[in-house]
Amino acid sequence: MRQFKFKINTELSGSLARTGTIKTPHGEIQTPAFIVVGTKATVKAMTPEQVKAVHAQAVLANAYHLYLQPGHKLIEKAGGLSKFMNWNGPTFTDSGGFQVLSLGSGYKKVIDMVGGQQETVSTQDRRAFVDNDGVTFYSHLDGSKHRFTAELSMQIQHAIGADIMFAFDELTSLVDSYEYQIESLRRTHAWAERCIKELSRLRAEHPDRSYQALFGVVQGAQYEDLRRQCARFLVALDFDGFGIGGAIEKNRLGEIVSWVNQELPKDKPKHLLGISEPDDIFAAIENGIDTFDCVSPTRVGRNGSAYTYFGRKNIVASRFREDFSPLIEGCECYTCQNYSRAYLHHLLHAHELLANTLMSIHNEHFIIKLVDDIRNSIVDGSFYKLKQNWLKNYYSKVDK
RNA sequence: GCAGGGAUAGUGAAGCGGUCAAACACGGCAGACUGUAAAUCUGUUGGCUCAGCCUUCGGGGGUUCGAAUCCCUCUCCCUGCA
């Protein structure tokens with residue numbers, strides 16, 4: 001019995017935006033929702049109680065990382081991801097497909113979301129090699145050799161036991177040729193079919209775990225024909241929802257998401273992988289995205305930046321040394337309720353671990369609240385007003 | 001008191017006649033971070049009218065075309081012996 005359900009609650013006329021509810025065995029997710037990232041079965045520097053307190057509805061972990069350490073079998077023995085990490089809400093796992101890029105062609109390179117200059121990586125520097133059947137790669141932890149296939153990714157994710165899993169895909173970069181995108185897409189399609197097949201085998205083997213939902217991932221980079229083609233291909237398969245992945249030029253994000261969502265069935269949830277900048281969030285939701293995840297709030301926080309209504313602020317900067325006000329006046333997060341910018345500045349300079357926790361709490365709270373506010377604005381029809389005012393402030397360069 | 005060693009930019013520490021405004025580390029300053037090889041990475045860090053010039057390597061004085069680097073002397077510190 002599949003317990004995964006998605007229901008649309010309200011729609012914003014004149015756009016693809018909607019609110020909805022995803023029902024999983026571990027609880028409901030009110031969408032649009034920002035899904036917090038906990039790659040290695042932990043949201044870095046935060047306890048599950050703190051994750052709950054910032055109103056996170058679900059956590060997304062990573063199959064690649066958990067396979068290498070501590071091993072998916074161990075998590076299975078522990079009773080599944082949710083129990084293992086003491087997070088009693090819904091969970092997602094990413095397939096490990098992203099590592100094809102981050103360890104392969106994008107090794108040591110930042111994925112350029114703006115679409116500027118990019119270099120490809122020479123073969124000898126690569127740690128991952130893609131072929132039609134799968135990916136051979138070397139562990140970033142100890143250099144040991146491994147091989148991922150669609151089947152193994154499903155076995156890993158199935159063992160980890162998240163409520164929502166993603167099909168194994170290949171992520172290309174913007175500099176890959178159109179020809180390569182076609183070749184890659186062919187693999188992503190084949191792997192999607194193999195994921196479906198492998199999951200049905202696993203479900204038959206483990207009826208108790210048939211609750212796990214599987215999302216297919218749409219690739220195709222910046223090409224409209226490829227994006228639409230990929231979406232149509234995946235629709236024909238038995239996916240519970242869809243992820244949209246791959247290299248996306250920042251200024252075309254809304255456009256690309258809209259092509260895909262015009263092809264995908266309306267009544268299934270759509271997840272945009274790895275996005276959380278405020279302007280991207282507005283663009284994504286406006287074009288029909290229900291959930292997204294991103295490492296940015298925690299990573300940026302650990303590295304000293306805080307989200308505010310007037311842009312990100314580098315709290316390590318000396319101008320905050322004697323600033324005894326909270327990160328945001330009136331912010332309801334634990335950090336702003338109790339600590340000043342000067343204190344956070346001090347913790348960051350002293351490399352105190354509490355800095356990571358307090359900065360992460362604020363940033364996660366901030367992004368989650370933004371998405372919650374957007375959800376409410378869809379319900380009461382004030383979406384466009386919120387978007388306009390919000391982004392005007394955020395990019396105003398005012399230092400408040 | 002005698003013998004030896006040492007004083008280098010914010011700190012520690014290289015340099016031991018020219019390529020030294022002086023390695024490197026830390027600290028400082030600034031920036032970046034979008035399916036986490038990230039408590040990470042990048043740039044910068046004497047001054048200025050900045051492709052050049054000026055003042056620096058404990059203080060002072062020498063040697064030399066040229067000194068942080070050699071000599072004399074003073075001050076302070078360390079280690080032995082008295």
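By convention in this document, chain letters (A, B, ...) are assigned in the order of the sequence lines, proteins followed by strands, and residues within each chain are numbered from 1.
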Inset, instruction - Compute both the distance and the angle, then confirm whether K52(A) meets the cation-pi test with W87(A): under 6.0 Å from the six-membered ring centre, within 45 degrees of the axis. - result: yes
Can you pull every protein N or O that's under 3.5 Å from an N or O on nucleotides 39-43 of chain B?
residue, atom, partner, partner atom, Å
A39(B), OP2, R302(A), NE, 3.0
A39(B), OP2, R302(A), NH2, 3.3

Inset, instruction - Sort out the partner of C50(B) for me: Watson-Crick or G-U wobble, both distances under 3.5 Å, none otherwise. - result: none
Inset, instruction - Would you mind classifying the nucleic acid contact of A317(A) as base, sugar-phosphate or nothing, using non-hydrogen atoms under 4.0 angstrom? - result: sugar-phosphate
Legend entry - Members sharing L185(A)'s hydrophobic cluster (side chains within less than 4.5 Å): Y178(A), I182(A), Y223(A), L226(A)
Inset, instruction - Using a cut-off of strictly less than 4.0 Å between a heavy atom of the residue and any atom of RNA chain B, enumerate the qualifying residues of residues 65-74 of chain A by number. - result: H65(A)
Legend entry - P gap between G5(B) and C72(B), integer Å: 12 Å
Inset, instruction - Between U75(B) and U11(B), how far apart are the C1' atoms? Round to whole Å, please. - result: 23 Å
Legend entry - Same-atom distance (P) from G58(B) to G10(B), integer angstrom: 13 Å
Inset, instruction - Ignoring backbone atoms, test whether S95(A) places a side-chain nitrogen or oxygen under 4.0 Å from the OP1 or OP2 oxygen of G35(B). - result: no
Inset, instruction - Determine the Euclidean distance between corresponding P atoms of C20(B) and A68(B); express it in Å to zero decimal places. - result: 12 Å
Legend entry - Same-atom distance (C1') from U34(B) to G43(B), integer angstrom: 22 Å
Legend entry - Gap in Å between the two C1' atoms, one belonging to C50(B) and one to U55(B), rounded: 15 Å
Legend entry - P spacing across the pair U64(B) / A9(B), given as an integer number of angstrom: 30 Å
Inset, instruction - Tell me which of H349(A) and L141(A) sits closer to the 5' end of RNA chain B, going by the nucleotide each one is nearest to. - result: H349(A)
Inset, instruction - Can you tell me the distance, in whole Å, between the CD1 atom of I256(A) and the C1' atom of U34(B)? - result: 14 Å
Inset, instruction - Would you mind telling me which of U36(B), C33(B), U34(B) lies closest to the side-chain atoms of R312(A)? - result: C33(B)
Inset, instruction - Indicate, with a heavy-atom threshold strictly under 4.0 Å, whether D169(A) touches base, sugar-phosphate, or nothing. - result: base
Inset, instruction - Using a 4.5 Å cut-off on heavy atoms from C-beta on, say whether the side chain of F215(A) contacts that of P269(A). - result: yes
Legend entry - C1' gap between C57(B) and C16(B), integer Å: 12 Å
Inset, instruction - Would you classify D293(A) as touching base, sugar-phosphate or nothing, given that sugar-phosphate means primed atoms plus P, OP1 and OP2, and contacts are heavy atoms under 4.0 Å? - result: sugar-phosphate
Inset, instruction - Please work out if S318(A) contacts a base, only the sugar-phosphate, or nothing of the nucleic acid, heavy-atom cut-off 4.0 Å. - result: sugar-phosphate
Inset, instruction - Take G245(A) and K40(A), find for each the nucleotide of RNA chain B with the closest heavy atom, and name the residue whose nucleotide sits nearer the 5' end. - result: G245(A)
Legend entry - Single-linkage hydrophobic cluster I285(A)~V379(A), side-chain heavy atoms < 4.5 angstrom: no
Inset, instruction - Determine the minimum heavy-atom distance between G134(A) and R147(A), stating which atoms define it. - result: N-NH2, 3.3 Å
Legend entry - Pairing partner (Watson-Crick or G-U wobble, both distances under 3.5 angstrom) of G80(B): C2(B)
